[in-house]
Enquirer: 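Structure in structure tokens, see below.
In each ligand, atom 1 is the first atom listed, and ligand 1 is the first ligand listed.
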Amino acid sequence: MISSNRCSFLSNTGLVGCSRSSGLQTKRLVPFRVECLASSSSSGGDRKLRAVMETIADVDNNQTVAGGVQDVYGEDKATEDHFVTPWSVSVASGYTLLRDPHFNKGLAFTDKERDAHFLRGLLPPTSISQETQVKKVLQHIRQYQLPLQKYTAMMNLQETNERVFYKLLIDHVEELLPVVYTPTVGEACQKYGSIYMRPQGLYISLKEKGRILEVLKNWPEKDIQVIVVTDGERILGLGDLGCQGMGIPVGKLSLYTALGGVRPSACLPITIDVGTNNELLLNDELYIGLRQRRATGQEYSELIHEFMTAVKQNYGEKILIQFEDFANHNAFDLLEKYRSTHLVFNDDIQGTASVVLAGLVAGLKFIGGNLSDHRFLFLGAGEAGTGIAELIALETSKQTGAPVEEVRKNIWLVDSKGLIVSSRGESLQHFKRPWAHEHEPITNLLDAVKKIKPTVLIGTSGQGKTFTQEVVEAMAEINERPIVLALSNPTSQAECTAEEAYTWSKGHAIFASGSPFAPVEYEGNVFVPGQANNAYIFPGFGLGLIMSGTIRVRDDLLLAASEALASQVTQEHFDKGLIYPPFKDIRKISAHIAAKVAAKSYELGLATRLPQPKDLVEHAESCMYTPAYRRYR
Ligand SMILES: O=C([O-])CC(=O)C(=O)O
Ligand SMILES: [Mg+2]
């Protein structure tokens with residue numbers, strides 16, 4: 001039985017109005033909604049009323065609510081000259097209950113629940129189990145031929161019955177991850193205007209400048225623990241999709257819940273719309289964003305700063321903000337600017353780095369050698385490329401005691417202009433400069449492979465088909481077991497396919513990719529390509545931060561996450577060609593990652609949720625959201 005105190009910070013909002021001493025699974029709960037009585041009005045007075053709305057503060061303070069007596073809406077704290085918001089708690093029942101995705105159980109409502117919640121006659125008489133519902137929806141989804149049809153069916157399910165959506169996704173993660181995530185989510189973003197039905201997150205555009213705090217307060221959930229935010233400028237390897245990038249925060253947060261166990265109501269997807277430079281979208285009558293070119297410079301940074309300030313003001317110090325799919329020219333600067341004042345994490349720089357390092361460490365366990373024995377060549381010197389390179393350098397430096405500057409010399413990057421070398425000097429963007437080593441200029445990848453003789457080739461270019469046959473053959477000529485990672489997403493942007501990597505290297509390559517590839521048979525052997533995607537890391541990483549109340553992200557936490565992931569790879573996995581464990585075990589893996597991250601955070605004094613639990617793995621598991629239906633009284 002789960003004790004409520006241990007996990008109250010991750011508990012379901014639906015329990016707040018009840019006694020907090022209830023266990024999560026075994027006790028009954030009342031499906032209720034907190035509603036602002038003034039919410040139907042949009043007067044200026046209403047805005048002021050909302051501006052003093054207090055969040056459900058007990059959760060953050062880790063207090064229990066015995067009997068529900070607490071100033072949760074801030075009325076008692078307000079003095080006479082303050083405005084207060086008239087809130088009421090209403091029990092969701094009848095038709096409204098069926099339309100509420102958090103609480104709806106469809107045909108799984110029992111007779112007793114149908115009586116108690118005014119559902120008689122609103123449902124056909126039969127009652128079926130959640131398992132049967134999952135089976136039915138899966139059959140339905142499998143009937144669709146096109147990935148985008150499967151995607152819209154999944155999104156509809158999420159909007160209709162959240163618990164069936166998550167149970168389905170968790171129980172069939174290997175089949176459905178490619179539907180709700182890469183590669184299909186890429187196509188969904190490209191066509192978001194035509195498939196758009198309901199808002200799935202918050203849209204903050206230039207029109208909301210000066211009012212972002214107010215916009216945050218419009219979101220119906222008050223107890224937010226993680227935000228994934230994009231400005232849509234570099235969606236996967238697909239480029240600027242403007243406001244239609246919303247599919248990415250929505251997809252990433254579904255994984256926070258399904259893979260990492262962070263409850264859905266604590267997750268907030270946000271898209272910041274500063275315009276788009278994508279002409280196709282600007283001329284598309286179904287485009288959902290601002291029809292203007294991107295704001296840049298001061299106008300851009302002022303909006304982002306207002307957003308960052310409002311988020312901290314509204315949700316406090318421990319809100320996790322994950323930056324996703326910003327363009328290089330903003331991503332590094334934003335991370336640098338906010339890493340010392342906010343709990344921020346850039347998934348494309350840091351999450352990708354952590355997952356790739358894990359794969360390399362796991363691979364080396366079996367092929368032998370240390371990181372310092374290897375030479376790395378990257379195609380692509382943006383967020384992922386330089387992020388991975390830096391984390392490899394950090395870990396190698398830790399292992400060998402050599403200074404990071406020295407270790408970096410073993411790591412080479414090629415960008416669109418060729419090998420990054422010192423003679424390119426000041427023309428290089430600042431994040432590329434640490435990688436400018438002494439070497440004659442080389443303008444193409446094949447020559448770079450032949451000259452640098454890397455043992456590991458990593459593609460982070462966002463450009464598909466760039467690991468040509470000659471490149472892979474050259475890698476196989478230089479190395480007995482070349483490591484080839486084609487990380488760009490979605491599948492169309494992968495530097496090479498799994499089949500190409502195995503065929504061209506005559507079965508010698510150790511291959512992984514950012515988007516999934518099916519197993520490949522080559523000369524009688526079946527090779528299973530691993531998926532080197534940050535989805536292995538960010539859900540568990542975020543859970544570790546949240547459950548320990550961590551207030552800042554440090555590189556050591558990323559290294560801890562890598563180590564935890566690498567430790568889950570066995571000889572049996574490697575024998576199949578895998579340098580990552582299978583996704584079907586992801587919740588267990590996430591619990592391990594969360595535990596290692598939290599342990600490191602406690603060690604560094606960054607964790608505020610005290611005392612430190614004794615067994616962090618067990619603690620992480622006990623905190624994870626499970627989608628089984630709750631019983632309603
Ligand atoms: O979303 C993914 O699959 C991985 C990722 O962060 C990216 O490609 O930007
Ligand atoms: Mg990304």
Side-chain angles (χ1 to χ4, degrees), residues 147 151 173-174 176-190 192 226-241 244-256 258-260 269-272 321-328 330-332 334-335 344-359 378-380 382-388 391 458-464 485-495 512-517 529-542 558 561 565 580 583 586:
Y151 176 87
V173 65
E174 288 181 328
L176 294 174
L177 207 55
V179 175
V180 299
Y181 192 57
T182 186
T184 312
V185 72
E187 187 187 354
C189 289
Q190 288 173 312
Y192 209 75
V226 52
I227 288 172
V228 175
V229 60
T230 187
D231 72 354
E233 192 166 5
R234 195 236 71 193
I235 294 299
L236 309 177
L238 300 172
D240 184 353
L241 297 183
Q244 304 199 160
M246 180 57 105
I248 295 292
V250 168
K252 293 272 174 186
L253 284 163
S254 299
L255 304 200
Y256 257 102
L259 314 190
I270 296 185
T271 294
I272 295 186
I321 303 170
Q322 175 164 320
F323 292 124
E324 196 70 54
D325 293 7
F326 284 73
N328 291 331
N330 290 318
F332 292 100
L334 290 178
L335 186 59
V344 288
F345 167 68
N346 183 304
D347 191 32
D348 303 296
I349 302 173
Q350 299 171 299
T352 307
S354 187
V355 79
V356 171
L357 178 62
F378 288 78
L379 176 65
E383 294 158 64
T386 60
I388 300 164
L391 206 64
I458 302 179
T460 57
S461 60
Q463 305 294 318
L485 308 180
L487 300 183
S488 293
N489 296 311
T491 319
S492 58
Q493 310 308 110
E495 284 78 6
S513 52
S515 297
F517 280 106
Q531 195 180 344
N533 189 293
N534 48 33
Y536 271 112
I537 291 289
F538 71 79
F541 188 77
L558 300 170
L565 178 57
Y580 294 97
F583 259 116
I586 188 66

Enquirer: Looking only at heavy atoms, what is the nearest atom pair of Asn489 and Ser515, with distance?
Expert: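 Looks like OD1-OG, 2.6 Å.
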
Enquirer: Would you compute the distance between atom CG of Asn328 and atom CD1 of Ile349 and round it to the nearest 0.5 angstrom?
Expert: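 Interatomic distance, Asn328 CG to Ile349 CD1, rounded to 0.5 Å: 8.0 Å.
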
Enquirer: Looking at CG of Asp347 and CG of Asn534, how far apart are the two atoms once the value is rounded to the nearest 0.5 Å?
Expert: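 The CG atom of Asn534 is 3.5 Å from CG of Asp347, to the nearest 0.5 Å.
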
Enquirer: Any side-chain heavy-atom pair from Leu259 and Phe583 closer than 4.5 angstrom?
Expert: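 They are in contact (side-chain heavy atoms under 4.5 Å apart), so the answer is yes.
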
Enquirer: So which residues, sorted by chain and number, lie with a heavy atom under 4.0 Å of ligand 1?
Expert: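 Around ligand 1, where the cutoff is 4.0 Å for heavy atoms, the contacting residues are Tyr181, Thr182, Arg234, Leu236, Lys252, Glu324, Asp325, Asp347, Asp348, Asn489, Asn533, Asn534.
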
Enquirer: Between the Mg ion (ligand 2) and Asp325, which N, O or S atom of the residue is the nearest one?
Expert: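 The atom in question is OD1.
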
Enquirer: Keeping the roles fixed (side chain from Thr230, backbone from Thr271), state whether a donor-acceptor pair exists under 3.5 Å.
Expert: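 Between the backbone of Thr271 and the side chain of Thr230 there is no qualifying donor-acceptor contact (under 3.5 Å).
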
Enquirer: Does the Tyr181 side chain pair with the main chain of Ser254, one donor and one acceptor, at a distance under 3.5 Å?
Expert: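 No; zero donor-acceptor contacts below 3.5 Å.
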
Enquirer: Between Glu495 and Ser488, is a side chain to side chain donor-acceptor pair (under 3.5 Å) present by the stated rule, with each step listed?
Expert: CA-CA 7 Å; Glu495 284 78 6; Ser488 293; 2.6 Å; yes

Enquirer: In Asp348, the N, O or S atom nearest to the Mg ion (ligand 2) is which?
Expert: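 So the atom name we want here is OD1.
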
Enquirer: In Glu324, what N, O or S atom is nearest to the Mg ion (ligand 2), if we give its atom name?
Expert: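 Result for Glu324 and the Mg ion (ligand 2): OE2.
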
